[in-house]
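Beneath this line is the structure, given in structure tokens, with notes to follow.
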Amino acid sequence: MTKVRVRFAPSPTGYLHVGNARTALFNWLFARQNKGEFILRVEDTDVERSEKEYEDQLIKDLQWLGLDWDEGPDKGGDHGPYRQSLRMDIYASYSQTLIENKKAYYCFCSPEQLKRERESARAEGKTPVYSGTCRGLSPEESKQRIEAGEEAVIRLFTPDRGTLDFHDLVRGSLSFQLELIGDPVLLRSNGLPAYNYAVVVDDALMGISHVIRGEDHLINTAKQILLYKALEFDPPLFAHLSMVMGEDNTRLSKRHGATSVHQFNQEGFLASALFNYLALLGWSPSEEKEVLSKNELIHKFDLSKVSRSAAVFDYDKLHWISRQHIKKLSAREIAEKAFEPLQEEGFLPDEMSDKQWSWLQKAATALIKGISCFSEFPEQFLIFFSFSPKKMTEDARKVLETECGTKVVQALSKELKQTLRVNFDKLSVISGEIKKQTGCKGKDLFHPLRVALTAQTSGLDLDKFIPLLEQGAKLDFPVPIKNCAQRAAETDRFIQGI
RNA sequence: GCUCCUGUCGUCUAGCCUGGCCUAGGACACCGCCCUUUCAAGGCGGCGACACGGGUUCAAAUCCCGUCGGGAGCGCCA
């Protein structure tokens with residue numbers, strides 16, 4: 001069997017969309033599991049929409065996701081150039097050969113005329129197909145008109161009858177009526193290649209063995225196979241992936257939420273989590289385990305088991321997968337990931353002392369459980385860095401306004417005033433004392449305690465929270481952390497004011 | 001409109017090719033219980049689907065036909 005060579009060929013017109021990212025990922029997985037090569041090619045022939053910044057961004061996004069390529073515009077290779085804008089002479093030369101071999105012809109129809117034809121065909125309920133007006137032009141006449149400066153495109157001669165059949169690795173055998181395939185434009189009048197043509201020339205010259213792409217290309221594939229034949233190249237194998245949709249079953253777009261790899265990166269998702277989730281969109285492992293690393297995915301992935309129907313992008317499941325990946329991180333990794341968002345929020349200094357790092361590790365590890373992505377961290381850390389009884393929610397206030405609540409807070413404030421060092425054990429002693437004094441116990445005791453110290457109704461277990469709070473209060477953070485005694489006193493004053 | 005693709009729990013899917021093992025399996029979400037010094041996390045359990053209609057067959061989610069639904073394509077865009 002020939003060497004597996006696959007490619008991802010985006011046009012640099014914006015951020016990398018997760019749908020395209022999935023296509024790239026399936027290609028990459030297929031290449032890696034077959035010890036083949038993965039090639040990045042930039043399709044920048046649409047000058048109006050392509051921009052170099054987008055190409056750079058694309059490369060960053062792909063790299064962040066964890067994909068690497070063996071050949072590409074940034075690293076070269078034996079089959080370059082890998083930017084279509086640099087391959088113009090190649091396209092021109094093959095199209096000339098096709099003209100000479102009478103497999104292609106010049107067409108002088110104006111865009112306006114073609115548009116009219118399409119519209120009237122559609123009005124009649126027919127599929128618009130190029131009429132073939134210029135098919136019969138003699139080479140001499142064409143040549144004269146070109147020399148006279150007339151604008152022309154080059155079109156491929158395609159058969160008018162029969163079907164074009166091919167086998168798709170995902171969908172099985174497919175059949176298209178040739179009658180409905182018009183002669184595709186190869187070279188536009190401005191000399192730039194049209195998509196279908198550039199793709200075929202590039203894929204053939206780059207030795208691509210498998211073309212794995214979205215199902216929106218299904219009909220292009222028929223045209224492209226015709227082109228392979230005309231150019232006397234062997235067509236590669238094809239696999240068409242289903243589309244990625246939003247929950248309302250329309251193509252995934254910004255309306256549905258984050259759609260670009262870049263956004264997920266910024267929101268603090270782990271690349272390994274997005275990678276894992278994307279692999280599961282339209283494919284599932286044969287065993288039941290779904291949380292998989294990149295390496296596991298390389299081994300388990302099976303192109304022939306890819307689903308044929310469209311897949312809805314499920315943010316909930318992505319969050320779950322993300323949590324599973326986050327759980328596997330070490331305390332140090334967690335702290336490192338937490339640093340940036342917390343620092344941006346103004347909670348942490350630019351330069352962290354060893355003690356601060358060690359505190360951050362413990363605190364972040366304790367808070368990680370409720371988190372799906374790292375951008376949620378600052379909110380979680382509010383339990384340390386922000387304490388304001390005045391701002392507590394109504395639910396929290398209600399806890400304090402109960403008979404027990406009021407008594408517990410008063411007693412706590414009093415007890416803590418006399419206590420220099422607070423830790424969880426000390427607090428346990430204190431809470432036992434308060435229990436005796438007030439007669440409140442269980443939830444009636446502990447819930448007010450929690451609210452008094454955090455101004456929140458939920459959060460960390462108190463046995464983890466209290467030592468962290470006391471330690472943190474001694475460290476010099478840009479936003480100082482208030483210790484237990486301060487908090488209890490403030491809460492006490494607050495409820496007395498109600 | 002035409003052409004192509006597609007249709008299993010709300011969502012991602014297993015099963016379909018090679019009919020019986022399917023009382024249709026798993027995961028997310030949801031709900032409940034347990035654990036617990038609230039919540040969350042974790043553990044356990046529950047709800048929940050073969051789009052519809054015909055056929056073939058002793059037997060159909062699985063094969064055939066039709067209907068309906070969803071998506072895509074119909075450019076000198078990619």
Side-chain angles (χ1 to χ4, degrees), chain A residues 9-13 43-46 48-50 84 107 109-111 114-115 118 121-130 151-155 168 170-172 174-177 179-182 184-196 198-199 214-222 240 242-243 245 247 249-251 277 280-291 305 307-321 323 327 367-371 395 399 424 427-428 431 441-451 456-463:
Chain A
S11 53
T13 53
E43 311 218 326
D44 57 350
T45 52
D46 186 354
E48 284 162 33
R49 291 187 357 199
S50 299
Q84 287 189 331
C107 168
C109 299
S110 71
L114 293 169
K115 197 179 170 201
R118 276 198 297 274
R122 211 171 293 223
E124 283 175 57
K126 292 178 188 160
T127 302
V129 178
Y130 173 62
E151 289 210 331
V153 300
I154 294 178
R155 285 183 190 270
D168 185 282
V170 170
R171 275 146 222 283
L174 264 18
S175 181
F176 293 87
Q177 291 168 250
E179 190 191 348
L180 298 173
I181 298 178
V185 169
L186 270 27
L187 225 51
R188 300 192 255 157
S189 56
N190 60 7
L192 296 175
Y195 169 75
N196 279 312
V199 166
E215 72 173 343
D216 45 339
H217 287 288
L218 235 27
I219 293 155
N220 285 331
T221 299
H240 289 91
S242 60
M243 303 277 91
M245 318 296 260
E247 64 270 90
N249 252 298
T250 58
R251 238 171 149 149
Y277 177 68
L280 256 28
L281 254 193
W283 171 81
S284 67
S286 44
E287 300 98 283
E288 287 176 358
K289 191 181 159 207
E290 289 187 325
V291 180
K305 286 261 196 309
S307 168
R308 293 180 300 265
S309 53
V312 173
F313 194 95
D314 184 351
Y315 290 91
D316 281 332
K317 185 140 187 180
L318 170 64
H319 280 91
W320 179 79
I321 297 251
R323 260 179 276 142
K327 264 198 240 166
L367 287 170
I368 199 92
K369 274 185 185 164
I371 267 181
D395 284 353
V399 173
F424 183 68
L427 195 88
S428 296
S431 65
K441 57 183 179 176
K443 201 172 167 177
D444 286 339
L445 171 63
F446 291 105
H447 216 181
L449 236 38
R450 165 178 292 283
V451 176
Q456 293 177 17
T457 53
S458 68
L460 273 179
D461 291 338
L462 288 178
D463 60 345

Quick check for you: among [options], whose closest atom lies nearest to any side-chain atom of [X]?
{"X": "Leu281(A)", "options": "rC12(B), rA78(B), rG71(B)", "answer": "rC12(B)"}
{"X": "Glu290(A)", "options": "rC76(B), rG26(B), rG10(B)", "answer": "rG26(B)"}
{"X": "Met243(A)", "options": "rG7(B), rC5(B), rG71(B)", "answer": "rG71(B)"}
{"X": "Ile219(A)", "options": "rU3(B), rA78(B), rU38(B)", "answer": "rU3(B)"}
{"X": "Asp316(A)", "options": "rG71(B), rC28(B), rU3(B)", "answer": "rC28(B)"}
{"X": "Arg323(A)", "options": "rA78(B), rG73(B), rA29(B)", "answer": "rA29(B)"}
{"X": "Lys369(A)", "options": "rG71(B), rA41(B), rC39(B)", "answer": "rA41(B)"}
{"X": "Thr45(A)", "options": "rA78(B), rG7(B), rC76(B)", "answer": "rA78(B)"}
{"X": "Val312(A)", "options": "rA72(B), rU11(B), rU6(B)", "answer": "rU11(B)"}
{"X": "Glu288(A)", "options": "rC76(B), rG26(B), rG10(B)", "answer": "rG26(B)"}

Roughly how many Å apart are [M] and [N], using the [atom1] atom of each and rounding to a whole number?
{"N": "rG66(B)", "M": "rC5(B)", "atom1": "P", "answer": "13 Å"}
{"N": "rC22(B)", "M": "rC30(B)", "atom1": "C1'", "answer": "25 Å"}
{"N": "rC31(B)", "M": "rC39(B)", "atom1": "P", "answer": "14 Å"}
{"N": "rG26(B)", "M": "rG46(B)", "atom1": "C1'", "answer": "16 Å"}
{"N": "rA60(B)", "M": "rC50(B)", "atom1": "C1'", "answer": "11 Å"}
{"N": "rC12(B)", "M": "rG53(B)", "atom1": "P", "answer": "23 Å"}
{"N": "rU13(B)", "M": "rU67(B)", "atom1": "P", "answer": "27 Å"}
{"N": "rC68(B)", "M": "rC44(B)", "atom1": "C1'", "answer": "42 Å"}

Can you find an N or O donor on one side and an acceptor on the other, under 3.5 Å apart, linking the side chain of [X] with the base of [N]?
{"X": "Asp168(A)", "N": "rC5(B)", "value": "no"}
{"X": "Thr127(A)", "N": "rC74(B)", "value": "no"}
{"X": "Arg450(A)", "N": "rU38(B)", "value": "yes"}

Nearest whole Å is fine: how far is [N] [atom2] from [X] [atom1]?
{"X": "Asp314(A)", "N": "rC9(B)", "atom1": "CG", "atom2": "C1'", "answer": "14 Å"}
{"X": "Ile181(A)", "N": "rU3(B)", "atom1": "CD1", "atom2": "P", "answer": "14 Å"}
{"X": "His447(A)", "N": "rU36(B)", "atom1": "NE2", "atom2": "P", "answer": "17 Å"}
{"X": "Leu280(A)", "N": "rC12(B)", "atom1": "CG", "atom2": "C1'", "answer": "7 Å"}
{"X": "Leu460(A)", "N": "rU38(B)", "atom1": "CG", "atom2": "P", "answer": "13 Å"}
{"X": "His240(A)", "N": "rG73(B)", "atom1": "NE2", "atom2": "C1'", "answer": "12 Å"}
{"X": "Asn249(A)", "N": "rG70(B)", "atom1": "CG", "atom2": "P", "answer": "9 Å"}
{"X": "Leu180(A)", "N": "rC4(B)", "atom1": "CG", "atom2": "P", "answer": "8 Å"}

Tell me whether the side-chain N/O atoms of [X] come closer than 4.0 Å to OP1 or OP2 in [N].
{"X": "Arg251(A)", "N": "rG73(B)", "answer": "yes"}
{"X": "Lys327(A)", "N": "rG42(B)", "answer": "yes"}
{"X": "Arg308(A)", "N": "rG70(B)", "answer": "no"}

With side chains defined as the heavy atoms from C-beta onward, is the minimum distance between [X] and [Y] less than 4.5 Å?
{"X": "Leu280(A)", "Y": "Pro285(A)", "result": "yes"}
{"X": "Tyr130(A)", "Y": "Val185(A)", "result": "no"}
{"X": "Lys115(A)", "Y": "Pro128(A)", "result": "no"}
{"X": "Glu247(A)", "Y": "Val312(A)", "result": "yes"}
{"X": "Gln84(A)", "Y": "Leu192(A)", "result": "no"}

Considering every strand and a 4.0 Å limit on heavy-atom distances, what is the contact class for [X]: base, sugar-phosphate, or nothing?
{"X": "Gly282(A)", "value": "sugar-phosphate"}
{"X": "Ser175(A)", "value": "sugar-phosphate"}
{"X": "Thr457(A)", "value": "base"}
{"X": "Asp463(A)", "value": "nothing"}
{"X": "Cys109(A)", "value": "base"}
{"X": "Ser284(A)", "value": "sugar-phosphate"}
{"X": "Lys289(A)", "value": "nothing"}
{"X": "Gln456(A)", "value": "nothing"}

[N]: pairing nucleotide in any strand, Watson-Crick or G-U under 3.5 angstrom:
{"N": "rU3(B)", "answer": "rA72(B)"}
{"N": "rC44(B)", "answer": "rG32(B)"}
{"N": "rU18(B)", "answer": "none"}
{"N": "rC63(B)", "answer": "rG55(B)"}

In terms of side-chain geometry, is the basic nitrogen of Lys126(A) or Glu124(A) positioned less than 4.0 Å from the acidic oxygen of its partner?
-> yes

If we require ring centres under 5.5 Å and near-parallel planes under 30°, does Phe446(A) stack on rU37(B)?
-> yes

Verdict with reasoning, Tyr277(A) to Trp320(A), per side chain to side chain contact (heavy atoms under 4.5 Å, CB included) = CA-CA 9 Å; Tyr277(A) 177 68; Trp320(A) 179 79; over 6 Å; no

Please lay out, stage by stage, how Asp216(A) and Arg251(A) fare under the test salt bridge (Lys or Arg N to Asp or Glu O under 4.0 Å).
-> CA-CA 11 Å; Asp216(A) 45 339; Arg251(A) 238 171 149 149; 3.3 Å; yes

When you match Gly459(A) and Asn190(A) each to their closest nucleotide on RNA chain B, which lands nearer the 5' end?
->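 Residue closer to the 5' terminus by nearest nucleotide: Gly459(A).
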
Closest-nucleotide 5' rank along RNA chain B - winner of Phe313(A) and Ala9(A) |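 Counting from the 5' end, the first nearest nucleotide belongs to Phe313(A).
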
Can you tell me if His240(A) uses its side chain to pair, donor with acceptor, with the backbone of Val170(A) under 3.5 Å?
-> no

For the atom pair CZ (Arg450(A)) and CG (Leu445(A)), what is the distance rounded to the nearest 0.5 Å?
->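 One gets 12.5 Å once the value is rounded to the nearest 0.5 Å.
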
